[in-house]
Amino acid sequence: MKQLLSPWKSSERFTTTIFLYVFLALFLIFGALTCVFISIQKDNFKKEVLNTGTMLSQMLAQNVRLGVFSENQTQLYNAATALFNSPPVIEVSIYNPDGKILLQKFRDKSNTINVLLADSSSPSRSEIIKQIDKTITPLVVSKKDYDEFWMPVWSSETAQIDESLYFDHVVEPASKHILIGAVAVIIDQHPMQMMVYNLITRIASIAMLFFLIAGGATYLIVKTATKPLNSLLSQVSEHLGPTGKAADLGMLSTTFDNMIKNLTESFATIKELNTNLEMKIDARTKDLALHSRYLEKTNRQLEETLQELKNTQSQLIQSEKMAALGQLIAGVAHEINNTTNFITGALPPLNKVINQIKTLLLNQHPETVSNQNEIGASPETLLINLDTLLANISEGARRTSKIVKDLKNFSRPGEEDNLINTDLVANLESTLTVLYNEYKYDVEIIKDFQPNLPLVTCYPNQLNQVFLNIILNAIQAVQSKTGGKSKGTIQIIIRQQNSMISIRFIDNGCGVPRALKHKIFDPFFTTKAFGKGTGLGLSISYGIIKKHQGQINLQSKEGEGAEFEVLIPITQKMDRESDKPRTINPADQSA
Ligand SMILES: Nc1ncnc2c1ncn2[C@@H]1O[C@H](COP(=O)(O)OP(=O)(O)OP(=O)(O)O)[C@@H](O)[C@H]1O
Ligand SMILES: [Mg+2]
């Protein structure tokens, strides 16, 4: 088959092979079934012949009793003739007990019934008759083309009752039976063989038809079913190249085996690679985590350093500013003080000299003292004016001294790094003096200072900076609201609260918008025009108050004003090692 199919295209060859296998299987199954069916039918036919022969021979044996007994030919003839109505009966013979033929009728090839009336007795027949003497079923002698059914004929007295011919139950012959003859019915096997032959022919034609239809259908089904397999085969054979082997399921199976082997190997390699990769990823992840932690730490440190730098920068700027301002103020105060010293130093001797001039004038020319002279005023009047002018000069000198004192108090050169017991009221006053020019036209300062406040241990210079920043902000807030058209107010309230001093600065300026409240203490945050504000005032102030272990609190409504409260401890808790005020964690502060 392989040789037969080899020139075909491998896919067609595969389809045909499958088809032939399926067809062969069908053929074998159908053939086997047909054989079984025919054999069953044959058996049935045989049984039919047996039954017919048995029944006919029994009937004949019953019917010819009297005829045999009386050797009445007519009766015998009639009984025998009746049997020929059944087509397979080809011969009927009636014998006496010695085997002599009493009557024989037979059908020849032209279907004519012939009669043989008498014959000599035959020992072989008498032998058979003896054999069947006591049987109630016929003796069947099978020949090539026919079957002989031998049945004894008993006298009517001893014969089996007639009903037994028609019913199943068998009536045993009487023990005292008398054999008076025998009958033989010969049944032709031809009709049965013809029927079997016809059956086989019919089955064969049906089988042919069936195989034609089944073959076509099977071919179509196999072709459709093997289409994907064929394409797979073509691809496999294309892939394998000219191997010299025809593409078949064996090759497919080998290919699949190889594929599975390759796949298994590949999977093992992938698994190994995967494991390696996972290990590498694990190691890498750990490295990265370490790296990331290190980076985070470095980042934090950088941020902290940056913040510190910013703070330091802002502090530097502010302290430079304040130092410059302090120096300037101190210088100016010194110069004014010198000048004022001339005035205040000269005033008492001047007073003395004027008093002496007065005494001389009254003593030497008392008549002219009250007279008017050419300059339009009497010496008395002039002396009174002189007193007034001297008093004014004295007051001016006193005020100037106070301003100088305030200025000195504000700048306090040389005391920057010392903790000093300070009168906060005096410090506030000097700050207000320094700022006087800023607010004198637009702002009224309302002071509400608790009397007899204790001295506060602090860095007075730095607290002055705080007051200056807060008051200056308040002045600017009021000015930005009124625009110089009306006067605003800044209320300064100082109270002792247990161990703390509270200084509240309440202005009715523009206020701080809610969104900016958390930003205004950030360094460089300003809402002021470029060049007007650096955004450092409050951040520096916050740092200074923190250094003093105090707090700055803000309350404000946009458009209505702001209140800054500074809380300072009266005494500073010192750090034993550094002997400096202990700093407080900014997180504990609510600014
Ligand atoms: N009393 C106040 N009323 C309204 N806003 C205020 C008040 N005080 C401070 N602010 C707001 O807070 C911001 C920050 O103030 P801060 O003193 O730190 O900086 P600045 O005044 O802008 O500039 P600098 O003080 O460095 O000249 C101000 O720009 C202002 O917007
Ligand atoms: Mg400011």
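Residue indices begin at 1 and follow the sequence shown. Please read all numbers here as calculations on a predicted model, not as lab measurements. Counting convention: from 1, in listed order, for ligands and their atoms alike.
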* **Qualifying residue, where the test is side-chain contact (heavy atoms from CB on, under 4.5 Å) with Ile492 and the options are Ile446, Ile506, Ile470, Ile471** =>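 Exactly one pass, corresponding to Ile471.
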Need the ligand 1 atom indices (1-based, order shown) with element for anything under 4.0 Å from a heavy-atom of [X].
X: Val512; value: 4 (C), 5 (N), 6 (C)
X: Gly533; value: 23 (O), 27 (O)
X: Thr534; value: 23 (O), 24 (P), 26 (O), 27 (O)
X: Gly537; value: 16 (P), 17 (O), 18 (O), 25 (O), 26 (O)

* Answer yes or no: are there more than 12 heavy-atom neighbours, outside Lys528 itself, under 6.0 Å from its atom NZ? =>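 Count over threshold, so yes.
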* **Atom NZ of Lys280 with >12 non-hydrogen neighbours under 6.0 angstrom** =>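 Counting other residues, nucleotides and ligands, NZ of Lys280 stays at 12 neighbours or fewer.
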* To do: Answer whether the closest heavy-atom distance between the side chains of Thr489 and Glu444 falls below 4.5 Å.
  =>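 Yes, close enough: below the 4.5 Å cut-off.
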Contact check: [X] vs ligand 1, nitrogen or oxygen atoms, below 3.5 angstrom:
X: Asn473; value: yes
X: Thr526; value: yes
X: Leu536; value: yes
X: Ala562; value: no
X: Asp507; value: yes

* Value rounded to 0.5 Å, distance of CG in Leu277 from CZ in Arg284 ->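 Answer rounded to 0.5 Å: 11.5 Å.
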* To do: Supply the atom-to-atom distance Ile544 CD1 to Ser539 OG, rounded to the nearest 0.5 angstrom.
  =>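 Result: 9.5 Å between the selected atoms.
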* Asked: Which is closest to atom 21 (O) of ligand 1 in terms of heavy atoms, Lys517, Lys528, Glu563?
  ->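 Of the listed residues, Lys528 has the closest heavy atom.
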* Just go through Thr527, Leu554, Asn469 and tell me whose heavy atom is the nearest to atom 31 (O) of ligand 1. =>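 That would be Thr527.
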* To do: May I ask whether Gly509 places a heavy atom under 4.0 Å from ligand 1?
  =>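 Gly509 does not count as a contact of ligand 1 under the 4.0 Å cut-off.
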* **Presence of N, O or S from Asn469 under 2.8 Å of the Mg ion (ligand 2)** =>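 Looking at Asn469, which is the residue asked about, there is no N, O or S atom under 2.8 Å from the Mg ion (ligand 2).
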* Is Phe521 touching ligand 1 with its side chain, its backbone, both, or neither, if touching means heavy atoms under 4.0 Å apart? ->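 No part of Phe521 comes within reach of ligand 1.
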* Examine Phe564 together with Phe505 and report whether their ring centres are nearer than 6.0 Å. =>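 Phe564 vs Phe505: aromatic centres not under 6.0 Å.
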* Asked: Under a 4.0 Å N-O cut-off, is there an ion pair linking Glu304 with Arg300?
  ->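 Salt bridge flag = no for Arg300 with Glu304.
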* Asked: Does Arg293 pair with Glu296 as a salt bridge, N-O distance under 4.0 Å?
  ->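 Salt bridge between Arg293 and Glu296, a charged N being under 4.0 Å from a carboxylate O: no.
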